[in-house]
Student: 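Right, I'll just put the structure down here and ask away after.
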Amino acid sequence: MAGFQYDAFLSYRHKPLDGDVTQRVLRFLEGYRLPGSLREKGGRGIQRVFRDTEELPVSRILSNTIENALQSARCLVVICSPATPESEWVDREVATFIELGKAESVYPLLIDGTPEESFPPSLKQIPGVEQRIMDARTEEKTAPAIMKRASSALLRVVARVAGCAEEDLRRAEHLRRRKTVLLTAGIAAALFLVVAAVCGSLWQQAERYKQITANEQQAAMEVLSRLTYGLPDRLAEQPGLYPQVAEILSDNAAQIQRILELTPEADKARVGIAENKEKLATALLKLGRHEEAEAAEKEALEIYEALSATNYLGSRLALASARNNLGRILTAKGAFEEADALYQTAAEEAGDEDPALRAAILGNLGRNLVLLGRNDEAVKTLEECRELLQTAKNGETAAEDGGPAAEAALTLTEAMCDLNLGLANLQTGEYQEAEALLRDAVSLYDEVVAAYGSRTDLTDALHAHAALGDCLTRQGREEEAEAVYAAAMDQAERLAEDRTDQDAQVILGELYNNYALCLNQQGRFAEAEEWYRRSAEIREAFYEAIATPQAAADLAQAYYNLAENAFKLGHYGNTADFFRACLDLQGPVAAELGDYQLGEYLARLAYYEIIVERDYGAAAKAALQAYEIQPDSAFVLYNLGYALLMDGREEDGDLVFRALASLGEGAVQTVRLDFAAMEKAGIYSPHMPDVLTMMEEAAG
């Protein structure tokens, strides 16, 4: 297999249907597990797939360009529809693959139209290509319907990569399906079969016996719900199975709703349907399907609001919980302002009736406020969350089920609260306070992970480790930070082996980024570059999969760090390219994400004006705008100080540098390294030595 970096390259026209199908094809190929009988003979599944992303700036600046990807790809899969011939880019990709002598490894996936109207010119020139057409056309022109046909057709590509005959693969696949749907999934596979059987049985009974008693129906529904909605939690321990269960989960949810609609008590049925929608939304959120999760949760909320208006609900806790869950989905999407309004309303509705629920809502609200950059409000909210947690722990209002599960939920809320309080202090330069809170968060998360071993909880724990390492780095305690990162990255890499686990990819990208920052702070720029690039590649893949505003902001941060590090290495061409990619990506989403991202964007723009454009007046203007938005941000202060100094406003700059010196030796080291890089590039002020002397004396 040597010489091939990618097993398959996906080429397609950037249209909604074509793009949706392509994303599903990528997930299918990378998630497909070769039958055991073929693995025993040395066969291998598809490991890496390159999805053409011509609209992203990544391809222009990272080493894995489209041309290189084509050269290092074993197969080319062309998603063909009547829109495909309009794309010169797709035609060029096919032509390049032919020029590389790999025409026999081109596979058309026909999703609409005829080959004559859907093949780009270069594809039509390949002799015998019609023998390799994978026909996925359906009357229902939707991505899910097309993918149902494509899943079987794509086995032709899998067979080519696996080095086996297509007939042997189809025979082995058929045998595997007959023996068991998912042999390697163990208990999870058995649960799939049980759920499907129970759904079918209950539906048949419901049709024949519409007069079934409410109690009998409720008991059956409780069993069915546990089987259906317990799957995501169980599957979290079975890497690679989330995509496979998504369709089953949605189908079963629809079955449950049909059964509930048969109950003679209409309002009670509506409550059941709303609860069903909420559980589905939670599961979809875990799967990273934000739009579907949002739609399901909004349907549940509408039902609760209608029932509340008729006083059927009585308590408003269901409303509060639904708004909180919808807020979590919007926060994950990066819609922080919308989420803020939902959390505020949910907290009011929860009142004092359930301290644990109100604490969870306030914890989510506090996290959202940190992401918005409203740190003062976040601290106040999170402090209230801690007080409520203490009330809940004292048992003034015990959870109905009680026991270890309820205790673990409170511990996780407390850990989340401490983590976000720590992040708020970290952003404002209160490093000692941040460190104490982050160490508490790490301890609490580790306690739950040790007791229950959940992959989801472990991912949250790793976020706390990443923040603690960042805090130590900013204090100039790089060796301690490296020790924190070493253990955390080892665990994150094991989690991220499951490439369908988006949360694991996010935390691994975060840890790589923070570790690179630690190396950068020590002047180990060449080492830092490698880890910054790894982080950027992970964030690029995540942005392709889930193109939310927050994902764009995270990728922009990766570009900025690559730009800043390249500048210190003296690679000025790369510096400019990375900077422009950062600003192009972050600019359109900065204001949408709130003050934190807007302040970050303007501060990065200021640094770009200093080191690339050498326009110090423009730099000072952007930096001052950033300071007006985020006056407590240490990152903003660095770039404000540099901009004022280079613009000749030394006295104003000195005030900023004195404030930075109060942050400790870590801040002095940052300025020292930045000044050295600027001087090397010919960006110099005679006042630089005086600034460093002043900061060193102030830092003690």
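Heads up: numbering here begins at 1 and tracks the sequence.
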Student: Looking only at atom types and distance, does a side-chain atom of Arg39 sit under 3.5 Å from a main-chain N or O of Leu34, one as donor and one as acceptor?
Tutor: yes

Student: Quick one: does Thr381's side chain have a donor or acceptor within less than 3.5 Å of a partner on Glu377's backbone?
Tutor: yes

Student: Using a 4.5 Å cut-off on heavy atoms from C-beta on, say whether the side chain of Tyr485 contacts that of Thr473.
Tutor: yes

Student: Please find the pair of heavy atoms, one from Thr548 and one from Ala332, that lie closest to each other, and give the distance.
Tutor: OG1-O, 4.3 Å

Student: Going by distance alone, is a donor N or O of one side chain under 3.5 Å from an acceptor N or O of the other, for Thr331 and Tyr343?
Tutor: yes

Student: Is the NZ or CZ atom of Arg474 both under 6.0 Å from the centre of the six-membered ring of Tyr431 and within 45° of that ring's axis?
Tutor: no

Student: In the structure I gave you, are the side-chain heavy atoms of Leu301 and Leu319 within less than 4.5 Å of one another anywhere?
Tutor: yes

Student: Which one of Gln427, Glu430, Gln630 satisfies the side chain to side chain donor-acceptor pair (under 3.5 Å) criterion with Asn375?
Tutor: Gln427

Student: Are any of the side-chain nitrogens in Glu302 or Lys298 under 4.0 Å away from the carboxylate oxygens of its partner?
Tutor: no

Student: Taking all atoms of both residues into account, what is the closest heavy-atom pair of Ala415 and Ala441, and its distance?
Tutor: O-CB, 3.6 Å

Student: For residues Ala350 and Ala320, report the shortest heavy-atom separation together with the two atoms involved.
Tutor: N-CB, 3.8 Å

Student: Keeping the roles fixed (side chain from Gln5, backbone from Ala73), state whether a donor-acceptor pair exists under 3.5 Å.
Tutor: no

Student: Given side chain to side chain contact (heavy atoms under 4.5 Å, CB included), test Tyr6 with Arg51 step by step and report yes or no.
Tutor: CA-CA 10 Å; Tyr6 299 101; Arg51 175 172 172 244; over 6 Å; no

Student: Could you give the distance from NE2 (His463) to CG (Leu458), rounded to the nearest 0.5 Å?
Tutor: 10.5 Å

Student: For Leu421, is there any backbone N or O sitting under 3.5 Å from a side-chain donor or acceptor partner on Asn425?
Tutor: yes

Student: Measure the spacing between CG of Leu555 and CD of Glu540 and express it to the nearest 0.5 Å.
Tutor: 7.0 Å

Student: So does Arg367 have more than 12 non-hydrogen atoms from other groups sitting under 6.0 Å from CZ?
Tutor: no

Student: Per the side chain to side chain contact (heavy atoms under 4.5 Å, CB included) rule, which among Leu419, Asp418, Asn420 passes with Met416?
Tutor: Asn420

Student: Please determine whether a side-chain nitrogen of the Lys or Arg among Glu384 and Arg358 lies less than 4.0 Å from a carboxylate oxygen of the Asp or Glu.
Tutor: yes

Student: In plain terms, say whether Arg24 and Asp20 are close enough for a salt bridge, that is, a side-chain N and a carboxylate O under 4.0 Å apart.
Tutor: yes

Student: Side chains of Gln586 and Gln597 only: does a donor on one sit below 3.5 Å from an acceptor on the other?
Tutor: yes

Student: With a 4.5 Å heavy-atom cut-off, do Leu593 and Leu598 have their side chains touching?
Tutor: no

Student: To the nearest 0.5 Å, what is the distance between CD on Glu480 and CG on Leu468?
Tutor: 9.0 Å

Student: Hey, are the side chains of Leu330 and Leu326 touching, using non-hydrogen atoms and a 4.5 Å cut-off?
Tutor: yes

Student: Do side-chain atoms of Asp470 reach the backbone of Asn514 as a donor and acceptor pair under 3.5 angstrom?
Tutor: no

Student: Using a distance-only test with no angle check, is there a side-chain donor-acceptor pair under 3.5 angstrom linking Asn520 and Glu529?
Tutor: no

Student: Ion pair present between Arg386 and Glu414, side-chain N to carboxylate O less than 4.0 angstrom?
Tutor: no

Student: Run the ring pair (Phe, Tyr, Trp, His ring centres under 6.0 Å) check on Tyr532 and Tyr559 step by step: do they pass?
Tutor: CA-CA 9 Å; Tyr532 277 139; Tyr559 294 157; over 10 Å; no

Student: Is the shortest heavy-atom distance from the side chain of Thr428 to the side chain of Ser633 under 4.5 Å?
Tutor: no

Student: With a 4.0 Å cut-off, would you call Lys277 and Glu297 a salt bridge?
Tutor: no

Student: Drop me the distance from Asp490's CG to Leu462's CG, to the nearest 0.5 angstrom.
Tutor: 10.0 Å

Student: Determine whether the side chains of Arg539 and Gln557 contain a donor N or O and an acceptor N or O closer than 3.5 Å.
Tutor: yes

Student: What's the shortest heavy-atom distance between Cys417 and Leu382, and which atoms?
Tutor: SG-O, 3.1 Å

Student: Would you check, one step at a time, whether the test side chain to side chain contact (heavy atoms under 4.5 Å, CB included) holds for Ile507 with Leu511?
Tutor: CA-CA 6 Å; Ile507 183 54; Leu511 283 165; 4.0 Å; yes

Student: State, yes or no, whether a side-chain contact exists between Leu10 and Phe50 at a heavy-atom distance under 4.5 Å.
Tutor: no

Student: Once you round to the nearest 0.5 Å, how far does CD of Glu338 lie from CG of Asp340?
Tutor: 11.0 Å

Student: Apply the test side chain to side chain contact (heavy atoms under 4.5 Å, CB included) to residues Leu495 and Thr459: give CA-CA distance (whole Å), side-chain angles for both, the deciding distance (0.1 Å), then the verdict.
Tutor: CA-CA 8 Å; Leu495 285 178; Thr459 302; 3.7 Å; yes

Student: Looking at every non-hydrogen atom in both residues, tell me the closest pair between Gly469 and Ala481 and how far apart they are.
Tutor: O-CB, 3.5 Å

Student: May I ask you to decide if Leu519's main-chain N or O and Glu478's side chain share a donor-acceptor pair within less than 3.5 Å?
Tutor: no

Student: Under a 4.0 Å threshold between the charged nitrogen and the carboxylate oxygen, would Arg533 count as salt-bridged to Glu537?
Tutor: no

Student: Without swapping roles, check the side chain of Ser535 against the backbone of Gly509 for a donor-acceptor pair under 3.5 Å.
Tutor: yes

Student: Could Glu291 and Lys333 be called an ion pair, given the rule that one side-chain N must be under 4.0 Å from one carboxylate O?
Tutor: yes

Student: Which pair of non-hydrogen atoms, one from Gly327 and one from Ala339, has the smallest distance, and what is that distance?
Tutor: O-CB, 3.6 Å

Student: How many angstroms lie between CG in Leu154 and CZ in Phe28, if you round to the nearest 0.5 Å?
Tutor: 5.5 Å

Student: Can you find a pair of side-chain heavy atoms, one from Leu372 and one from Phe336, that are under 4.5 Å apart?
Tutor: yes

Student: Begin from the C-alpha positions of Arg494 and Gln491 and carry the test side chain to side chain contact (heavy atoms under 4.5 Å, CB included) through to its verdict.
Tutor: CA-CA 5 Å; Arg494 288 200 297 271; Gln491 295 182 80; 3.7 Å; yes

Student: Can any side-chain N or O of Tyr543 pair as donor or acceptor with the backbone N or O of Asp554 at less than 3.5 Å?
Tutor: no

Student: Are the charged groups of Arg477 and Glu435 less than 4.0 angstrom apart, N to O?
Tutor: yes

Student: Do Glu275 and Tyr304 touch side chain to side chain, with heavy atoms closer than 4.5 Å?
Tutor: yes

Student: Hey, would you say the Tyr560 and Phe635 ring centroids sit under 6.0 Å apart?
Tutor: yes

